[in-house]
Amino acid sequence: EKKQKLSSQNASLTFNIPKSNFTDWYDELMVTAGIVDKDHWDTKGMPIFLPYGYYMHNAIMHLFEEEYNGIGIRQCQFPAFIPKSFLTREAEHVKGFESECFWHEDKMCLRPTSETAMYSMFHLWVQSEEDLPLMVHQTCNVYRYETKNTKPLIRVREIPWNEAHTAHATPEDAKKTLDDFWAIVHRVFTDRLSIDGLRLRRPDWDRFPGAEYTDVLDVVMPCGRVLQSIGCHYLGQHFSKVFDIQVNGENSYMTCIGVSTRALAAVLSMHGDNDGLVLPSVIAPYQIIIVPILGKKPEPEMVAKLDEMKQKLTDAGFRVRVDMNPQKRPGEKYYFYQMKGVPLRIDFGNRDLQNNKFVLVTRALDGKRECNLDDLVPICQEALKAYDDALKERAQAHLQSRIVDVDDINKIAEVLQQGGFARIPYFTMGKEGAEGAERIHDLCNAEIRGYQPLEQQPGEGVKCIVTGKPAKYYAYVARSY
Ligand code: PR8
């Protein structure tokens, strides 16, 4: 059975796990749709990225790379091994990461993240004012010795990602770059990938090791648990002090941001449905599949027309395929491409050839339409835009429906039954708040994920629902991956 699944050419594959059973749906779809192979490689948390899945991850990385290049962050590539003496230099950083490192006996580790590698070079590259800001990014793999349950794309030990790192002369300049990062995250996640999440500032007890503060993008998954899909950190001078990155005696102010295969996991989970994947057009390996309805022996006229259609669509910038496989019935092909999440399908038979028509079916939206073949390109352009917009609307409505205000600690668990966030008034995000967070955890098995830095916080008279003290923040509580 496994062997059969490996062949992505096998168009008889259908997918029939309801999304309401999210864990099985996700695990099974990863394999059936050809995203990863986790069953034939015996290393925990390191699945093989198959071409269909890798295309999409790579497409997301390119979206970020282009955005970063656009604001002058230049791409580079550092070695995967980090000398122990570098990793251990920033005290909090090493404390946070040493148990997650794959250590090599030669006093090195595989990078769990690249601050210490890059900043040991920033020390050399920053000599004078002209060298600031120094901004680089790299697309690479990092390695973390994850001990919790691993899960394809979501929690892996070899993590394909992109990380950007910047150093600035002033805190203002560094923080402006953080604003740029969030604008980029919005453009990529919301405008292009049609998904949405909450930007949250993590409490002090849950910061990135070595950061002054940490902002994340938490996406509510279909099962109701949240997934941290972006980590964006203000490092202040923590690293520049110990790596001696300075100009005229002033240590630099630093930032970093990382985006991993979790972005793809969020996209696939959010948009998919009972029939399989539903892909936003920007990452779909092919956006249009043409399924001809052929007789035993296709007429030359038919073949020529299909070639012409494919060419026209390709010239207009679409990624298109024609499935000429005579072994499979059109019905089998429909199910297969549905499962693969191809946004648009064109059915084309002899009758259509004679009438100068084609039939257009949009994935996940209702209805089949008969269209005039002369309008092939504009109709596909419109249909694809409407499709991406519909996905975006659906995702935004999903997020909004998953935020519920709660004013009684005993009601949090009930609200979290349906998943998403419970928003509670809370007294602090400082380290002294950790105890109350633990109480919440014990009571309802959920975490304080943080507060929205751009949201209006509670006014006078609002009380923390855990301690009864004046509430300074609206804290978002959720169960997470
Ligand atoms: C940093 N330093 O490291 P971060 N599997 C998949 N994705 C993961 C995993 C994993 N095991 N662990 C983390 N991520 C900073 C920023 C350079 C770049 C994803 O930050 O530790 C999560 O989405 O927050 C996380 O937010 C992101 O990588 C960046 O990791």
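Counting starts at 1 for both ligands and their atoms, in listed order.
Geometric assessment of Lys472 against the ring of Phe427 yields a negative cation-pi assignment under the 6.0 Å and 45° thresholds.
Within the 4.5 Å cutoff, no side-chain heavy atoms of Lys84 are placed close to those of Met108. Contact check for Asp218 versus Ser229: no side-chain heavy atoms found under the 4.5 Å cut-off.
Aromatic ring pairs are classed by plane angle as parallel below 30°, tilted from 30° to 60° and perpendicular above 60°; the pair Tyr286 and Tyr337 is perpendicular.
Within 4.0 Å of ligand 1, contacts by protein heavy atoms are made from Thr113, Glu115, Arg144, Glu146, Leu153, Ile154, Arg155, Val156, Ile159, Trp161, Glu163, His165, Phe208, Gln228, Ser229, Ile230, Gly231, His233, Cys256, Ile257, Gly258, Ser260, Arg262.
Salt bridge status for Asp206 with Arg202: present, with a side-chain N to carboxylate O gap under 4.0 Å.
Shown are Lys19, Arg394, Arg363; of these, the salt bridge (charged side-chain N to carboxylate O under 4.0 Å, His left out) with Asp273 is made only by Arg363.
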